[in-house]
Amino acid sequence: MNTTDGHSVYINGVLKQNSGPILIGDNVWVSSFCVLGKGVEIADGCVISQGSIVTKKISSCHTLVGGVPAKVISYNVDWKR
């Protein structure tokens with residue numbers, strides 16, 4: 001999980017925002033080797049597939065996402081231990 005870019009970036013001499021919180025909802029499964037970038041929010045009940053790089057907000061509950069960058073694979077997903 002990366003809440004910052006790790007360095008300062010300037011665009012036309014203006015500092016770009018380089019940090020943001022990561023918010024993870026209830027009953028979320030983040031598989032191994034995933035990367036969650038700064039400012040990412042993940043809704044309740046979501047599943048992040050192995051090795052995914054999440055760069056944007058996942059606002060729909062019970063969503064399966066995966067890939068590089070992560071994209072929606074399926075909705076209405078439920079998982080149990």
Side-chain angles (χ1 to χ4, degrees):
M1 290 187 231
N2 302 313
T3 58
T4 180
D5 290 333
H7 58 277
S8 298
V9 174
Y10 292 85
I11 299 175
N12 296 323
V14 178
L15 178 63
K16 179 183 168 221
Q17 181 181 0
N18 66 350
S19 65
I22 296 173
L23 304 174
I24 301 174
D26 294 330
N27 200 38
V28 171
W29 178 7
V30 179
S31 300
S32 57
F33 308 110
C34 290
V35 175
L36 306 179
K38 68 176 183 185
V40 165
E41 296 179 27
I42 302 174
D44 295 342
C46 288
V47 177
I48 314 301
S49 65
Q50 185 175 17
S52 297
I53 297 180
V54 182
T55 59
K56 299 187 181 192
K57 179 178 182 178
I58 303 167
S59 55
S60 297
C61 294
H62 300 281
T63 301
L64 170 63
V65 299
V68 178
K71 296 180 181 176
V72 173
I73 297 171
S74 183
Y75 294 100
N76 299 318
V77 173
D78 198 14
W79 68 277
K80 297 181 180 164
R81 286 183 174 222

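Atoms considered below: every heavy atom in the structure, side chains included; atoms not considered: hydrogens, waters and symmetry mates. In this chain, numbering begins with 1 at the start of the sequence shown. Fair warning: this is a prediction, and the values are worked out from it, not measured in the lab.
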| request: Using the rule that two of Ile, Leu, Val, Met, Phe, Trp, Tyr join whenever any of their side-chain heavy atoms come within less than 4.5 Å, decide whether V77 and I48 are in one cluster. | output: no
| remark: In this structure, CH2 of W29 is separated from CD1 of I42 (nearest 0.5 Å) by 14.0 Å
| remark: Note: C34 and G51 closest approach over all heavy atoms is SG-N, 3.9 Å
| side-chain hydrogen bond (donor to acceptor under 3.5 Å, both in side chains): which pairs involve residues 7-16, sequence neighbours left out? | none
| request: Just jot down the side chain to side chain donor-acceptor pair (under 3.5 Å) partners of S49, sequence neighbours excluded, or say none. | output: S52
| S19: what forms a side-chain contact (heavy atoms from CB on, under 4.5 Å) with it, not counting sequence neighbours? | T4
| said: I'd like to check the side-chain contact (heavy atoms from CB on, under 4.5 Å) partners of D44; sequence neighbours left out, ordered by chain and number. | reply: D26, C61
| task | Mind jotting down which residue pairs meet the salt bridge (charged side-chain N to carboxylate O under 4.0 Å, His left out) criterion with at least one end in residues 29-40? Sequence neighbours excluded, please. | result | D5-K38
| note | Quick note, ring-ring contact (aromatic ring centres under 6.0 Å, His included) partners involving residues 39-65, not counting sequence neighbours, are none
| Mind checking what makes side-chain contact (heavy atoms from CB on, under 4.5 Å) contact with F33, not counting sequence neighbours? | Q50
| field | Any residue meeting side-chain contact (heavy atoms from CB on, under 4.5 Å) with Q17, in chain and number order, not counting sequence neighbours | value | none
| Side chain to side chain, V30 and M1, heavy atoms closer than 4.5 Å | no
| Inter- and intrachain pairs under side-chain hydrogen bond (donor to acceptor under 3.5 Å, both in side chains), touching residues 69-80, at least two apart | none
| query | If you measure from CG on L36 to CG on L23, what distance do you get to the nearest 0.5 Å? | reply | 11.0 Å
| Which residue pairs satisfy the salt bridge (charged side-chain N to carboxylate O under 4.0 Å, His left out) criterion with at least one member in residues 50-59, sequence neighbours excluded? | E41-K57
| task | Answer yes if V28 and V47 sit in the same cluster of Ile, Leu, Val, Met, Phe, Trp and Tyr residues linked by side chain heavy atoms under 4.5 Å apart, and no otherwise. | result | no
| Apart from V35 itself, residues in the same hydrophobic cluster as defined by side-chain heavy atoms under 4.5 Å | I53, V68
| query | If you group Ile, Leu, Val, Met, Phe, Trp and Tyr by side-chain heavy-atom gaps below 4.5 Å, do I73 and V65 land in one group? | reply | no
| Nearest atoms (heavy-atom pairs only) where T55 meets P69 | OG1-CB, 4.1 Å
